[in-house]
Amino acid sequence: MRAARLNSSVIARIAYDEATRVLDIWFHDSGRYCYFDVPPEIYDGLRSAASAGRYFADHIKNRFRCSFDPERKKFRPVGVR
């Protein structure tokens with residue numbers, strides 16, 4: 001598992017599991033999301049990007065299957081999936 005804290009107004013930290021190719025992203029406003037089947041180059045690019053938010057929007061958002069942190073679903077407000 002590789003992990004990093006980012007100096008970003010959008011993303012607090014990231015973690016990447018090379019064995020499962022899962023990228024976890026903790027957003028300041030909305031918590032942790034898990035992105036699946038992400039190549040390691042995407043993690044490296046996000047970690048080293050001048051703007052993590054821009055890199056996320058251009059290279060990750062809507063390109064990989066994702067889910068809200070499954071461990072936190074039980075704590076989400078009623079009616080939110």
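The number of heavy-atom neighbours closer than 6.0 Å to CZ of Arg2, taken from other residues, nucleotides and ligands shown, is above 12.
The line from NZ of Lys61 to OH of Tyr55 is 16.0 Å long, rounded to the nearest 0.5 Å. One distance of note links CZ of Phe36 with CG of Leu23; it measures 10.5 Å at 0.5 Å rounding. Note that CG of Asp58 and CD1 of Ile60 are 10.0 Å apart. Values are rounded to the nearest 0.5 Å. How far CG of Leu6 is from CD1 of Ile14: 4.5 Å, rounded to the nearest 0.5 Å. Arg47 contributes atom CZ, which lies 13.5 Å from atom CD1 of Ile11 (distance to the nearest 0.5 angstrom). With values rounded to the nearest 0.5 angstrom, Arg32 atom CZ is found 12.0 Å from Phe27 atom CZ.
Looking only at distances, no side-chain donor or acceptor of Arg65 sits under 3.5 Å from a matching main-chain atom of Cys34. Side-chain atoms of His59 do not come within 3.5 Å of backbone N or O of Arg54 as any donor-acceptor pair.
By the 30° and 60° cut-offs, the orientation of the rings of Tyr35 relative to Phe56 is perpendicular.
Side-chain contact between Asp44 and Tyr16 is absent, with no heavy atoms from C-beta onward closer than 4.5 Å. With contacts defined as side-chain heavy-atom distances shorter than 4.5 Å, the pair Phe64/Pro39 qualifies.
In the hydrophobic clustering of ILVMFWY residues, with side-chain heavy atoms under 4.5 Å counting as a link, Tyr33 and Tyr43 come out together.
When the options Val10, Leu46, Val38 are evaluated for a side chain to side chain contact (heavy atoms under 4.5 Å, CB included) with Ile25, the one that passes is Leu46.
Between Ser8 and Gly53, the closest heavy-atom pair is OG-N, 4.2 Å. When all heavy atoms are compared, the tightest approach of Met1 to Ala15 is SD-CB, 3.7 Å.
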